[in-house]
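Take a look at the structure set out below.
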Amino acid sequence: MTIAVYPGSFDPVTNGHIDIATRASKLFDKIIIAVFDTPSKKLVFTTEERVELATKAVDDLSNVKVVAFSGLIIHFARQVNAKVMIRGLRMSADFEREFEMAMMNKKLDPDLELICFMASQDYQFLSSSLLKEVASLQGNINDLVPEFVVKAIKRRVLTEM
Ligand code: ADP
């Protein structure tokens with residue numbers, strides 16, 4: 001049984017993330033979306049909220065689960081017996097940073113294999129941070145996240161930020 005972890009901040013989950021999880025779920029026996037509890041970026045949603053939104057987003061994918069983690073992803077991957085780590089690559093934004101992290105993770109744990117999925121064309125320019133910015137300026141984000149995420153963002157970004 002091949003278990004894969006798909007780590008990130010997911011603040012909040014977007015259709016780009018869901019697309020990667022859906023495609024990965026067809027290739028691996030089990031996917032664990034691993035929500036990093038303390039990323040260095042400023043968060044809008046708590047860890048519990050990010051886990052809750054992501055869980056709802058992959059509700060129809062029976063082999064995908066969502067769990068929060070702290071510390072290094074290589075330690076979490078070992079804990080859950082994952083042999084693969086999944087990441088999504090957008091055309092311009094991700095490559096260098098991903099390459100850097102991949103080299104470091106390989107040094108820390110040579111047994112964990114990284115598999116990157118190219119972002120789908122529709123979501124190449126979609127990031128959680130841009131999404132929050134658009135939402136805060138009252139832009140339409142309906143095609144970019146599930147409806148319950150639109151509601152959660154509007155509640156948070158428009159009333160509390
Ligand atoms: P980070 O890991 O930098 O906190 P995220 O939590 O937003 O970023 O993303 C988690 C993973 O999903 C990363 O591998 C990221 O590149 C990928 N990802 C983010 N947005 C998209 C998208 N629109 N399409 C494909 N992959 C994406």
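Positions are given from 1 along the sequence. Order of appearance sets the numbers: ligands from 1, and atoms from 1 within every ligand.
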For Ser70, give me all partners under side chain to side chain donor-acceptor pair (under 3.5 Å), at least two apart in sequence or on another chain.
Asp37
Check: Phe45 main-chain N/O paired with Arg50 side-chain donor or acceptor under 3.5 Å
yes
Taking atom CG of Asp29 as the centre, report whether more than 12 heavy atoms of other residues, nucleotides or ligands fall under 6.0 Å from it.
yes
Considering only N or O atoms, set out every pair between ligand 1 and the protein closer than 3.5 Å, with distances to one decimal place.
{"residue": "ligand 1", "atom": "2 (O)", "partner": "Arg87", "partner atom": "NH1", "Å": "3.2"}
{"residue": "ligand 1", "atom": "2 (O)", "partner": "Arg87", "partner atom": "NH2", "Å": "3.1"}
{"residue": "ligand 1", "atom": "3 (O)", "partner": "Lys41", "partner atom": "NZ", "Å": "3.3"}
{"residue": "ligand 1", "atom": "4 (O)", "partner": "Ser9", "partner atom": "N", "Å": "3.3"}
{"residue": "ligand 1", "atom": "4 (O)", "partner": "Ser9", "partner atom": "OG", "Å": "2.4"}
{"residue": "ligand 1", "atom": "4 (O)", "partner": "Lys41", "partner atom": "NZ", "Å": "2.9"}
{"residue": "ligand 1", "atom": "6 (O)", "partner": "Ser9", "partner atom": "N", "Å": "2.6"}
{"residue": "ligand 1", "atom": "6 (O)", "partner": "Phe10", "partner atom": "N", "Å": "3.0"}
{"residue": "ligand 1", "atom": "7 (O)", "partner": "His17", "partner atom": "NE2", "Å": "3.1"}
{"residue": "ligand 1", "atom": "9 (O)", "partner": "His17", "partner atom": "NE2", "Å": "3.2"}
{"residue": "ligand 1", "atom": "12 (O)", "partner": "Tyr6", "partner atom": "OH", "Å": "2.7"}
{"residue": "ligand 1", "atom": "14 (O)", "partner": "Arg87", "partner atom": "NE", "Å": "3.2"}
{"residue": "ligand 1", "atom": "14 (O)", "partner": "Gly88", "partner atom": "N", "Å": "3.0"}
{"residue": "ligand 1", "atom": "14 (O)", "partner": "Gly88", "partner atom": "O", "Å": "3.4"}
{"residue": "ligand 1", "atom": "16 (O)", "partner": "Gly88", "partner atom": "O", "Å": "2.6"}
{"residue": "ligand 1", "atom": "16 (O)", "partner": "Asp94", "partner atom": "OD2", "Å": "3.3"}
{"residue": "ligand 1", "atom": "20 (N)", "partner": "Arg90", "partner atom": "NH1", "Å": "3.3"}
{"residue": "ligand 1", "atom": "23 (N)", "partner": "Tyr123", "partner atom": "O", "Å": "2.8"}
{"residue": "ligand 1", "atom": "23 (N)", "partner": "Leu126", "partner atom": "O", "Å": "2.9"}

ring-ring contact (aromatic ring centres under 6.0 Å, His included) with Phe148: which residues, sequence neighbours excluded?
none
With side chain to side chain donor-acceptor pair (under 3.5 Å) as the rule and sequence neighbours excluded, what pairs involving residues 2-11 come up?
Asp11-Lys132
For Ser127 and Arg90, test the side chains for any donor-to-acceptor distance below 3.5 angstrom and give the result as yes or no.
no
